[in-house]
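Beneath this line is the structure, given in structure tokens, with notes to follow.
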Amino acid sequence: MGLLEASEGEIHFENQQLAPNAAQRSDKVRQAMQVVFQNPEATLNPQHRIGRILGRAISFFGERDRQKRQQKIASLLKAVKLDASYARRLPKQLSGGEKQRIAIARAFAGDPKLIVCDEAVSALDVSVQAAVLNLLVDLKQASQCAYLFISHDLAVVRYISDRVGVMYLGQVMEMGSAEQIFNAPSHPYTEALLSAVQNPDEESHDAIRLEGSVPSPLNPPKGCPFHNRCPRKLGEICEHTPPPWRKAAEGHGIYCHISIEALKQVS
């Protein structure tokens, strides 16, 4: 999003390398990329009514006609399944789920092509989570917008994602379709995460318990960053040599020294 500058690397969007800072990017790029943060309480100005919050975003993206802005505000509220009367309310008059719906509506104000959802439902009650997730799915299908959805909740990830990247200490350990990630072969870290999720349709199983503490991301271990906690560590090669990127299937890669055939043998 360019809110913080990356320490290294490049970001490309629609075949265009992005400037590291949002202020250096064009209005067109900023309009195309929006974000929904984890805590809507901290992202909505408590002194402004919802109509002004949404109207300001619409105006920023080029709509100067007041009547058309009002129509757009009503349209956005309808899209997130809120009554047009919400435009007259203050954020303090909304529930947590309603505030997050307003944050989502604001993200869609400029008809973006990509929305970064940063733990967008983790602060909500389970029943509210389900409603917001269904809303996000409906909006994605209606707008053809893409999501980069960040979450620690694997059930949420499985429900909303087409492709999944599993990260550990900033390193992508596995990447593939949702179906590929949630089935063997898996990276040992992915395997441990999945073992902690109980599926009522499957036989119960023991969770894989990872020993040791998580190292600092500022000083990750040499070799494979997961080696000091990996229950399937091979030996010194994992400690000293960065793993290869192994192709498990078309579109499915695993960052590990263990062969794909061995990874298929679930622990």
Side-chain angles (χ1 to χ4, degrees), residues 1-4 22 30 33-57 73 76-83 85-110 112 114-143 145-170 172 178 181-182 189-190 192-194 196-200 207 214 217:
M1 296 302 299
L3 302 179
L4 297 171
R30 289 201 296 270
M33 302 174 65
Q34 293 296 302
V35 62
V36 177
F37 292 102
Q38 179 177 3
N39 182 10
E41 187 77 39
T43 62
L44 302 178
N45 190 321
Q47 305 299 320
H48 292 174
R49 298 189 184 277
I50 300 306
R52 182 175 178 184
I53 290 172
L54 295 179
R56 185 173 182 272
I73 291 170
L76 287 171
L77 289 172
K78 182 179 180 180
V80 296
K81 296 179 171 54
L82 293 175
D83 189 83
S85 63
Y86 275 76
R88 298 190 294 273
R89 299 190 188 187
L90 291 167
K92 67 181 181 181
Q93 297 173 302
L94 276 58
S95 68
E98 289 171 338
K99 290 175 186 175
Q100 196 63 303
R101 287 170 184 260
I102 296 301
I104 293 169
R106 181 173 58 184
F108 275 94
L114 172 69
I115 295 181
V116 177
C117 299
D118 185 7
E119 295 281 4
V121 298
S122 64
L124 305 176
D125 292 338
V126 174
S127 59
V128 180
Q129 273 191 12
V132 173
L133 283 172
N134 288 332
L135 171 65
L136 286 169
V137 170
D138 291 343
L139 290 172
K140 183 180 71 168
Q141 293 174 345
S143 66
C145 175
Y147 295 148
L148 176 57
F149 197 93
I150 303 164
S151 179
H152 290 86
D153 189 326
L154 290 178
V156 168
V157 170
R158 188 169 198 170
Y159 179 74
I160 202 167
S161 301
D162 299 309
R163 287 185 57 76
V164 178
V166 179
M167 298 186 70
Y168 184 80
L169 296 181
V172 177
I181 294 296
F182 285 87
Y189 179 55
T190 308
L193 293 176
L194 294 177
V197 180
Q198 295 295 329
N199 189 331
V214 179

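Residue Val80 is tested with Asp138, Leu136, Ile104 for a side-chain contact (heavy atoms from CB on, under 4.5 Å); the sole match is Ile104.
With contacts defined as side-chain heavy-atom distances shorter than 4.5 Å, the pair Val116/Tyr147 does not qualify. Residues Asp153 and Gln129 are in side-chain contact: their nearest non-hydrogen atoms beyond the backbone lie under 4.5 Å apart. Here the side chains of Leu194 and Leu154 are in contact, with some heavy-atom distance below 4.5 Å. Counting heavy atoms from C-beta on, the side chains of Leu77 and Asp83 never come closer than 4.5 Å. In this structure, the side chains of Leu94 and Ile50 come closer than 4.5 Å at one or more pairs of heavy atoms. By the 4.5 Å heavy-atom criterion applied to side chains, Val35 and Phe37 are counted as neighbours. Looking only at side-chain heavy atoms (C-beta outward), Leu82 and Lys78 stay at 4.5 Å or farther from each other.
One side chain, Tyr159 or Asn134, offers a donor N or O that lies under 3.5 Å from an acceptor on the other.
Proximity of a side-chain donor or acceptor of Arg106 to a complementary backbone N or O of Leu54 within less than 3.5 Å is not detected. Without hydrogens or angle criteria, Gln100 side chain to Ala120 main chain gives a donor-acceptor distance under 3.5 Å. Within the 3.5 Å criterion, the main-chain N or O of Ser127 finds no donor-acceptor partner in the side chain of Asp125. The main-chain N or O of Glu98 is found under 3.5 Å from a side-chain atom of Ser95 such that the two form a donor-acceptor pair. Remark: side-chain polar atoms of Arg49 are paired, donor with acceptor, to backbone N or O of Arg88 under 3.5 angstrom. Remark: side-chain polar atoms of Thr43 are paired, donor with acceptor, to backbone N or O of Pro40 under 3.5 angstrom.
Interatomic distance, NZ of Lys99 versus CD of Gln93, reported as 10.5 Å (0.5 Å rounding). Between the CD atom in Gln34 and the SG atom in Cys117 there is a gap of 11.5 Å [rounded to 0.5 Å]. Note that the CG atom of Leu148 and the CE atom of Met1 stand 10.0 Å from one another [nearest 0.5 Å].
Between Ile53 and Pro91, the closest heavy-atom pair is CD1-CG, 4.1 Å. The two residues Ile73 and Ala87 come nearest to each other via the heavy atoms CG2-CB, 4.2 Å. Nearest heavy atoms, Leu76 versus Ala105: CD2-O, 3.6 Å. Pairing each heavy atom of Arg158 with each of Phe182, the nearest pair is CB-CZ, 3.5 Å. Closest approach of Leu114 to Cys145, counting heavy atoms only: N-SG, 3.8 Å. Contact between Ala178 and Ser161 at its shortest, heavy atoms only, is CB-O, 3.5 Å.
Ion pairing of Asp162 with Lys140 is present here, as a side-chain N (NZ or NE/NH1/NH2) and a carboxylate O approach within less than 4.0 Å.
More than 12 non-hydrogen atoms from other residues, nucleotides or ligands lie less than 6.0 angstrom from CG of Leu3. A 6.0 Å sphere centred on CZ of Arg163 holds more than 12 heavy atoms belonging to other residues, nucleotides or ligands. Within a 6.0 Å sphere centred on CZ of Arg30, other residues, nucleotides and ligands contribute more than 12 heavy atoms. Counting heavy atoms of neighbouring residues, nucleotides and ligands inside a 6.0 Å radius, atom CZ of Arg56 does not exceed 12 of them. Within 6.0 Å of CD in Glu119 there are more than 12 heavy atoms belonging to other residues, nucleotides or ligands.
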